[in-house]
Amino acid sequence: MKKCIIFAAICCAMLASCTGSSNKNAAGDGDFLPPLMGWSSWNTYFVDINEELIKKQADAMVSTGLKDAGYQYINIDDGFFGFRDAEGKMTCNTERFPNGMRVVSDYIHSLGLKAGIYSEGGDNTCGSMYNAEKTGIGAGFYGHDQQDADVYFKEWNFDFIKIDYCGGKELGLNEQERYESIVRAIRNTGRTDASINICRWAYPGKWASKIARSWRISPDIQPRWKTIKYIIGKNLYLSAYAGNGGYNDMDMLEIGRGLPANEEEVHFGIWCIMSSPLLVGCDMTSIPEYSLELLKNKELIALNQDKLGLQAYVAQRDGERYVLVKDIEQKRGNMRAVALYNSTDSLYTFTVPFKSLELGGKVKVRDLVKHEDMGVFENEITYTVQPRSVLVCRMEAEQRLEPEVYEAEWAFLPLYNDLGHNRYIIRYSQAPDCSGGVKVAYVGGKKENRVVWREVYSAEGGEYEMTISYCTAKDKKLQVAVNGVEQVLTGLNSGDYNKPATATISVTLKPGYNEVSMGCDYAWGPDIDKFELKKK
């Protein structure tokens, strides 16, 4: 388990605590930094790396045109460690890197690229545990936070660090405390431009977005369809946690490592529309031509690097076939990115009403993988997608419609994490009879354990009927707040935790974005499926 949260804290030096990372674009134009693009040594080489290999990969990033396509970082993963000297200072492996790490980072910088390195939040690295890399024993940050930060960022002059958690997990350390401590040490070096990746292999909680540019949400990837599908599944309902310059990291890319073309298109297309970091994991000196062209696909990369920095969410679902959508270029504009994703082993014909995508009038559709215009459609689009395949497209409509439905799986859950420490933690849960097949369970018990939709949109504001769909087998209470104005519903009981019922209240929305939250301060509330809005 070695791929770590791209803990890219574009850290603001003026902030003394770990609670205010700045992922703003250095250009100062108000846009946030996009997902990181580059290459990492782990997928292909594991711990078997050396100076010559890293330099050749850096050369290849330039010669293949990947640098021109936007890839910037050459990241050295586990395998460079030497030993700690008498004062505890980390050294490099002089057999693998005879000229030292500063020479390597200087070479990478000389090509106009950025240099990344690796460490561990605990004491022992993942390579020491799973790859017999003895020099990784005791090589982690734990007990050496400032000392190691000074070496990596001041002496060796690296620009990025991936921070793993094999040793931290083995010791039972607190994830938030460890990562915040390490970030403080990195800030203390004065390298406010340093990018950091948190590699905890599960969504760690909202604290990650305050200190990192990205965070891993799943175990390690492999060049197999099973893992690609699994990782996409882990990220389908995490769109509320991406944005403002921080991203859910779906792990490094396996493009160019033996997957068939259709699976590579799913892999890259979904990583792009979900705004995951794009880190090439193959040998760039021998990458197959089709894989190289896919990695350089400017139209797909544009979705990933879009200035809004949004992750696509699930707008429609039929079993394991999904329609994903997100705004691009302008929030609530007429342009949206859409993916029709068929994860099954059978053909499937999608029928997608444009209303479900909030698009009205005539809609122009362009296939971004094939670089082809598909035509102009009205009302809906019908398209057959091959097994284990995807259509990724850009849709431009005549008008943008006001949304009527807000699924619970689109909502932000302030207390949610996927670390597995608490069996009763609020979560997204499969529920076949609910809209979209998903609900939010374990709502309530404390004031902050709520379901929050932060961008409920009304063009003109006014009075609406809100119909809430919920599930519970016992009488429950639900507190519903709209822009801080709360109403309390009591006696809610659908008769079954998997069978939804509805309750309707009147609410007032202001023009533009509104915040809606649902919870139950001192007891468990019902599970939440969705709510619908109808203007009076």
Side-chain angles (χ1 to χ4, degrees), residues 237 239-240 243 310 313-317 323 325-327 330-334 336 352-361 379 397-414 426 428 431 433-436 438-440 443-444 447 449-472 476-494 499-521 525-536:
Y237 303 111
S239 61
L310 301 177
Y313 61 89
V314 178
Q316 182 176 316
R317 175 184 178 183
V323 178
V325 64
K326 72 171 183 177
D327 283 351
Q330 177 186 345
K331 289 193 72 171
R332 296 217 54 79
N334 293 356
R336 308 200 83 188
V352 185
F354 289 131
K355 184 178 180 180
S356 70
L357 305 176
E358 302 172 22
L359 300 177
N379 299 320
E398 290 183 317
Q399 61 184 129
R400 182 65 178 269
L401 304 179
E402 185 172 306
E404 297 178 352
V405 178
Y406 289 86
E407 299 284 355
E409 57 266 31
W410 303 346
F412 178 74
L413 313 180
I426 193 170
Y428 308 94
D433 291 329
C434 287
S435 174
V438 179
K439 64 179 181 178
V440 171
V443 178
K447 288 184 177 181
N449 195 31
R450 303 178 73 86
V451 185
V452 184
W453 295 264
R454 296 182 290 190
E455 294 189 346
V456 175
Y457 185 79
S458 173
E460 299 177 351
E463 299 299 313
Y464 286 76
E465 285 187 348
M466 173 186 284
T467 300
I468 302 164
S469 180
Y470 66 89
C471 303
T472 178
K476 296 286 180 70
K477 179 177 75 171
L478 184 66
Q479 295 163 246
V480 181
V482 178
N483 299 323
V485 179
E486 187 171 278
Q487 300 183 52
V488 180
L489 287 71
T490 59
L492 300 180
N493 191 335
S494 67
K499 297 287 185 181
T502 61
T504 300
I505 59 175
S506 295
V507 300
T508 302
L509 301 183
K510 64 184 180 181
Y513 292 115
N514 298 261
E515 180 173 290
V516 172
S517 71
M518 299 181 190
C520 186
D521 289 353
D527 299 343
I528 305 299
D529 172 18
K530 65 177 179 178
F531 71 85
E532 298 181 55
L533 291 172
K534 183 178 180 181
K535 194 163 188 178
K536 290 186 177 181

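If you're wondering where the values come from, they're calculated on a predicted model, not measured in any experiment.
- For the pair Asp527/Thr472, no side-chain contact is recorded, criterion being any heavy-atom separation below 4.5 Å from C-beta on.
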>> Test side-chain contact (heavy atoms from CB on, under 4.5 Å) on Leu359 and Arg336; report intermediate values, then the result.
In response: CA-CA 9 Å; Leu359 300 177; Arg336 308 200 83 188; 3.9 Å; yes
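- The shortest side-chain heavy-atom distance between Tyr313 and Glu407 does not fall under the 4.5 Å cut-off.
- Looking at Ser458 and Tyr464, their side chains do bring a donor and an acceptor atom within 3.5 Å of each other.
- Ion pairing between Arg400 and Glu358 holds under the 4.0 Å rule for side-chain N and carboxylate O.
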>> I'd like to know whether Thr508 forms a side-chain contact (heavy atoms from CB on, under 4.5 Å) with Val485, so could you lay out the CA-CA distance, the side-chain angles of the two residues, the decisive distance to 0.1 Å, and finally the verdict.
In response: CA-CA 9 Å; Thr508 302; Val485 179; over 6 Å; no
>> Please determine whether salt bridge (Lys or Arg N to Asp or Glu O under 4.0 Å) holds for the pair Asp433 and Lys499, giving the CA-CA distance in whole Å, both sets of side-chain angles, and the decisive distance to 0.1 Å.
In response: CA-CA 6 Å; Asp433 291 329; Lys499 297 287 185 181; 2.8 Å; yes
>> With side-chain contact (heavy atoms from CB on, under 4.5 Å) as the criterion, how do Ser435 and Ser469 come out once you've worked through the C-alpha distance, each side chain's angles and the decisive distance to 0.1 Å?
In response: CA-CA 9 Å; Ser435 174; Ser469 180; over 6 Å; no
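- In plain terms, the two heavy atoms of Ala459 and Pro511 that are nearest each other are O-CB, 3.9 Å.
- Separation of atoms NZ (Lys477) and CG (Asp521) is listed at 6.5 Å; rounding is to 0.5 Å.
- At distances below 3.5 Å, at least one donor-acceptor pair connects side-chain atoms of Asn483 with backbone N or O atoms of Glu515.
- With contacts defined as side-chain heavy-atom distances shorter than 4.5 Å, the pair Leu533/Glu465 does not qualify.
- Closest heavy-atom contact between Leu492 and Ala503: CD2-CB, 4.0 Å.
- Considering all non-hydrogen atoms of both residues, Pro500 and Ser494 come closest at C-CB, 4.1 Å.
- Side-chain contact check for Val314 versus Val438: every heavy-atom pair is 4.5 Å or farther apart.
- The minimum heavy-atom distance linking Ala408 with Tyr428 is given by the pair O-CE2, 3.9 Å.
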>> Would Gln487 and Val507 count as a side-chain contact (heavy atoms from CB on, under 4.5 Å) here? Give the steps.
In response: CA-CA 9 Å; Gln487 300 183 52; Val507 300; 3.9 Å; yes
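- Across Glu402 and Arg332, no two heavy atoms sit closer than the pair CA-NH2, 4.0 Å.
- A distance-only check finds a donor-acceptor pair linking the side chain of Lys326 to the backbone of Leu310 [under 3.5 Å].
- Of all heavy-atom pairs spanning Val452 and Ser517, the tightest one is CG2-CB, 3.9 Å.
- By the 4.5 Å heavy-atom criterion applied to side chains, Val323 and Leu357 are counted as neighbours.
- For Lys535, the NZ atom counts as densely surrounded, since its 6.0 Å shell holds more than 12 non-hydrogen atoms of other residues, nucleotides or ligands.
- Side-chain contact between Asn514 and Arg454 is absent, with no heavy-atom pair separated by less than 4.5 Å.
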>> Under the criterion salt bridge (Lys or Arg N to Asp or Glu O under 4.0 Å), I'd like the reasoning laid out for Lys530 against Glu409: C-alpha separation, chi angles, the key distance, then a yes or no.
In response: CA-CA 8 Å; Lys530 65 177 179 178; Glu409 57 266 31; over 6 Å; no
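- Residues passing the side-chain contact (heavy atoms from CB on, under 4.5 Å) test with Glu486, sequence neighbours excluded: Arg450, Gln479, Ala481, Val488.
- Below 30°, between 30° and 60°, or above 60°: for Tyr406 and Phe531 the angle between ring planes is below 30°, a parallel geometry.
- Looking at Val480 and Leu489, their side chains come closer than 4.5 Å, going by heavy atoms from C-beta outward.
- By the 4.5 Å heavy-atom criterion applied to side chains, Val451 and Ile426 are counted as neighbours.
- The closest side-chain donor-acceptor pair between Thr467 and Glu532, if any, does not fall under 3.5 angstrom.
- Note: Trp453 CH2 to Trp410 CH2 = 10.5 Å, rounded to the nearest 0.5 Å.
- A side-chain donor-acceptor contact under 3.5 Å links Lys536 and Ser506.
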